[in-house]
There are 2 protein chains.
Amino acid sequence: MRPTVHDIAAAAGVSLATVDRVLNQRPGVRHVTREKVETAIRELGYIRDVAAANLAKGRTYPLVFILPASDNSFMHGLNAEIRQAVLRSSAERTDIRTIEVPAFDPAALVSVLEELSREKPCGIALVATDAPGVRAVVDRLVRERFPIVTLVSDLTGSLRHHYAGVDNIAAGRTAARLLGRFLGPKKGEIAVLAGSMLVRDHRERLEGFTAVMAEEFPDLAILPVLEGRDDPEIAHMLVADALCRNAGIIGVYSLGAGNRGLIRALKEKAVDRVLTVIAHELTAHTRAALIDNTIDAILNQDAGHEVRSAIRVLKAKADGLAVIEAQERIRLDIFLKDNLP
Amino acid sequence: MRPTVHDIAAAAGVSLATVDRVLNQRPGVRHVTREKVETAIRELGYIRDVAAANLAKGRTYPLVFILPASDNSFMHGLNAEIRQAVLRSSAERTDIRTIEVPAFDPAALVSVLEELSREKPCGIALVATDAPGVRAVVDRLVRERFPIVTLVSDLTGSLRHHYAGVDNIAAGRTAARLLGRFLGPKKGEIAVLAGSMLVRDHRERLEGFTAVMAEEFPDLAILPVLEGRDDPEIAHMLVADALCRNAGIIGVYSLGAGNRGLIRALKEKAVDRVLTVIAHELTAHTRAALIDNTIDAILNQDAGHEVRSAIRVLKAKADGLAVIEAQERIRLDIFLKDNLP
DNA sequence: GATTTTTTGATTTACGTACATCAAAATTGG
DNA sequence: CCAATTTTGATGTACGTAAATCAAAAAATC
């Protein structure tokens with residue numbers, strides 16, 4: 001049997017009330033007494049029964065998710081996963097709210113965060129726009145003991161407790177190697193479609209991609225990056241245009257969202273050409289394109305895992321508990337048409 | 001606030017004791033009364049607070065893991081993950097025990113299961129040897145209301161509640177496509193190294209692999225399968241022998257364990273040849289081989305996820321609760337040297 | 001040494017459920 | 001209709017922790 005507060009009280013030679021004061025950092029305990037209790041806790045290996053504690057406290061975990069208001073399948077999917085989590089909230093004692101902010105807009109994100117700091121949620125998850133202003137508020141909130149995790153896209157150099165997303169440099173590198181290996185001995189040009197260089201995940205993917213391309217596949221030349229702002233219409237225009245102008249394109253890497261537009265452009269302008277295409281994010285559109293051979297591989301981050309991981313981590317941080325690191329690592333999924341879920 | 005037993009009692013117009021009798025299927029409730037209570041439960045959307053219930057019951061979950069006594073890195077890793085889970089058992093109210101049985105030995109597995117049926121654990125996870133005798137006991141145990149999940153390798157047509165492992169047909173298909181795409185226009189022969197055709201996971205991987213090879217890569221010929229019994233020594237011998245005899249081999253698919261032997265053989269016999277190699281299971285050996293380009297891609301199942309998933313599912317089944325299907329799907333990891341964890 | 005302040009103890013209630021006991025009511029059998 | 005049986009209610013305790021109250025003891029201040 002694991003020890004209880006009663007065992008601690010007996011072992012330390014103090015009353016239950018004192019143990020409670022120590023455990024819940026309430027005032028009115030002398031330093032020496034506090035130490036006696038802490039020693040007993042350590043020696044007996046006491047671990048607070050979180051279930052019982054939550055029951056007694058009637059505790060719930062008010063959590064806030066801050067998402068960019070982007071109209072693409074990935075963000076819709078992320079939203080859907082959060083709604084799923086809301087359905088489970090009674091069992092998990094969570095109370096989840098989402099706030100949408102304009103995409104790629106640091107100032108809007110900052111003001112939302114400022115406001116949140118007043119209403120004291122017990123945890124915040126945000127898709128970070130990577131800007132110094134954002135980092136400043138996040139760091140301040142962390143210092144004020146708000147558990148904060150970044151979701152999908154991280155915040156450079158910030159104190160956030162955790163990042164629930166994939167390693168985007170590795171993702172870019174992986175895309176490059178897949179593209180290079182799939183193309184084999186062919187020489188030609190590679191078009192890269194990104195959302196915006198204002199978000200860190202896109203920058204990092206590009207960074208990884210170009211690094212491996214330069215190191216290992218010198219016969220493939222990367223064309224200037226097309227910035228589609230994760231918008232299907234803009235993406236369509238940019239890709240269609242590039243394909244028309246440049247007959248030397250033999251491969252495409254789409255590292256952002258808005259793949260609907262990319263796929264349409266490919267089907268319109270490249271029916272007669274053999275292109276090798278790698279895209280990010282598994283959605284209804286990219287899935288169909290993978291199956292009909294328009295896309296050769298999809299790199300994906302599982303939005304459901306990211307949301308559940310963010311919630312687990314925020315709850316754990318709120319309780320001052322450890323997390324299972326390996327469990328919270330968000331893996332890069334690679335889908336070919338054979339291993340689609 | 002979610003409804004409690006008190007709310008149910010009030011709504012149904014009965015006493016707390018009667019609600020309790022209904023909830024815990026105790027006798028002494030008239031049919032009509034029982035229905036009244038069940039209606040109230042449904043209408044208020046009552047969900048038992050599992051944490052409070054477990055607290056009251058002082059419940060623990062005695063779980064048993066049955067593993068083959070195989071001396072390879074994957075099984076060692078699986079064992080290590082179970083030990084990790086044991087460390088968490090006080091917090092998770094689990095009481096985990098593992099039993100080792102001889103590998104590829106249905107009779108041994110059956111007798112262990114028979115014995116377990118007497119001591120009533122609240123859940124069993126087993127790496128199944130796919131044999132009718134094993135299926136028969138498992139089905140009997142399921143009918144006797146033992147929660148059972150298969151781990152890593154499934155049991156054909158059985159009633160087990162859940163399978164915590166990857167889709168091995170998809171894994172084989174994926175391996176074939178990666179190999180085919182990496183080899184590009186080359187023609188030649190492919191060596192396949194398996195553990196044993198007695199376990200379903202290996203059979204399925206081979207099935208998926210040969211299917212895609214036949215459909216999509218007719219220029220690649222699959223040589224007769226080498227059965228290495230997941231043993232590094234045997235694997236080494238078989239692969240070295242095949243490489244010496246057959247100069248036409250341009251690719252290797254290792255779908256089982258014992259990759260230490262494979263890697264040694266490759267380094268000894270194929271330094272001067274350009275081979276494309278796909279192997280299963282990320283271990284210290286395969287990881288090193290991926291980094292030094294001896295292996296081109298590794299397909300992996302995350303043993304930690306499998307163990308944690310098995311535990312979650314067994315607990316949920318023991319409590320008669322639903323599981324989050326998407327969370328319990330074990331994904332096939334594809335590792336290139338760029339996305340190693 | 002008396003007074004104030006701080007620290008500690010003892011005790012109670014609560015959280016939501018499980019489970020046991022005993023009495024009261026309702027139903028059934030004869 | 002009475003007795004036997006079944007069903008239901010009322011009540012209390014327990015699980016491990018949180019949180020509050022009030023009294024008692026110890027320490028610090030003058």
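Proteins get letters first, then strands, A, B, ... in listed order; numbering begins at 1 in each. Since we're looking at a predicted model, the values are computed, not measured.
The distance from atom CG of B:L16 to atom C1' of D:dA14 is 15 Å, rounded to the nearest whole Å. Atom CZ in A:R59 sits roughly 15 Å away from atom C1' in D:dA19 (whole-Å rounding). In this structure, A:L321 atom CG and D:dT17 atom P are separated by 13 Å, rounded to whole Å. Whole-Å rounding puts the A:R2 CZ to D:dG16 C1' distance at 9 Å. Atom CG of A:L55 is separated from atom C1' of D:dT17 by 8 Å (rounded to the nearest Å). One interatomic measurement links the two molecules: CD of A:Q25 to C1' of D:dT17, which rounds to 15 Å at whole-angstrom precision. Put simply, NE2 on A:H31 is 16 Å from C1' on C:dT6, counting in whole angstrom units. Taking atom CG on B:L23 and atom C1' on C:dT17, their separation rounds to 9 Å, with Å as the unit.
A salt bridge does not link A:D95 with A:R59: none of the charged nitrogens is closer than 4.0 Å to a carboxylate oxygen.
Among residues two or more places apart in sequence or in another chain, the side-chain contact (heavy atoms from CB on, under 4.5 Å) test is passed with B:D167 by B:I169, B:A170.
Nearest nucleotide to the side chain of B:V14, out of D:dG16, D:dG9, C:dG16: D:dG9. Among the nucleotides C:dA18, D:dA10, D:dA18, the one closest to the side chain of A:A56 is D:dA18. Taking only side-chain atoms of B:T4, from C-beta outward, the nucleotide of D:dT17, C:dG16, D:dG9 with the closest atom is C:dG16.
For A:Q25, the CD atom counts as loosely surrounded, since its 6.0 Å shell holds 12 or fewer non-hydrogen atoms of other residues, nucleotides or ligands.
Checked by atom type and distance alone, the side chain of A:T18 never pairs as donor or acceptor with a backbone atom of A:V14 at under 3.5 Å. Side-chain N or O atoms of B:T4 include one that pairs as donor or acceptor with a backbone N or O of B:H6 at under 3.5 Å.
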Next item on the list: Kindly indicate, with the supporting measurements, whether the criterion salt bridge (charged side-chain N to carboxylate O under 4.0 Å, His left out) is fulfilled by B:R331 and A:D302.
Entry: CA-CA 11 Å; B:R331 293 174 304 172; A:D302 190 309; 3.8 Å; yes

Side-chain donor-acceptor pairs of residues 126-147 of chain A under 3.5 Å, sequence neighbours excluded:
| from | atom 1 | to | atom 2 | distance (Å) |
| --- | --- | --- | --- | --- |
| A:D130 | OD1 | A:T156 | N | 3.0 |
| A:D130 | OD1 | A:T156 | OG1 | 3.3 |
| A:D130 | OD2 | A:T156 | OG1 | 2.6 |
| A:D130 | OD2 | A:R203 | NH2 | 2.9 |
| A:D139 | OD1 | A:L159 | N | 2.8 |
| A:R140 | NH1 | A:E144 | OE2 | 2.9 |
| A:R140 | NH2 | A:E114 | OE1 | 2.6 |

Taking distance alone, no hydrogens or angles, what donor-acceptor pairs closer than 3.5 Å link side-chain atoms of residues 79-90 of chain A to residues at least two apart or in another chain?
| from | atom 1 | to | atom 2 | distance (Å) |
| --- | --- | --- | --- | --- |
| A:N79 | ND2 | A:E100 | OE2 | 3.3 |
| A:R88 | NE | A:E92 | OE2 | 3.4 |
| A:S89 | OG | A:V86 | O | 2.4 |

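Here B:G28 lies in heavy-atom contact (under 4.0 Å) with a base.
Contact check of residues 38-50 of chain A against DNA chain C (heavy atom, cut-off under 4.0 Å) returns no residues at all.
For the pair B:G58 and B:R34, both in contact range of DNA chain D, the more 5′-proximal nearest nucleotide belongs to B:R34.
Nearest heavy-atom pair across A:V323 and A:A316 is CG1-CB, 3.6 Å.
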Next item on the list: Mark up nucleotides 20-30 of chain C, 5' to 3', with B wherever a protein heavy atom is under 4.0 angstrom from a base atom, S wherever such an atom reaches only the sugar-phosphate, and - elsewhere.
Entry: -B-----S---

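Phosphate proximity of C:dG9 to A:T18: present, with a side-chain N or O under 4.0 Å from OP1 or OP2.
Side-chain atoms of A:L113 and A:I124, non-hydrogen and from C-beta on, do get closer than 4.5 Å to each other.
For the pair A:R160 and A:Y163, the NZ or CZ position fails the cation-pi test of under 6.0 Å to the six-membered ring centre and within 45 degrees of the ring normal.
For the 3.5 Å distance criterion, the side chains of B:N24 and B:R48 qualify, holding a donor opposite an acceptor.
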Notebook entry, point to check: According to the Watson-Crick and G-U wobble definition with distances under 3.5 Å, which dot-bracket string, read 5' to 3', encodes DNA chain C, using [ ] for crossing pairs and | for pairs with another strand?
Noted result: ||||||||||||||||||||||||||||||

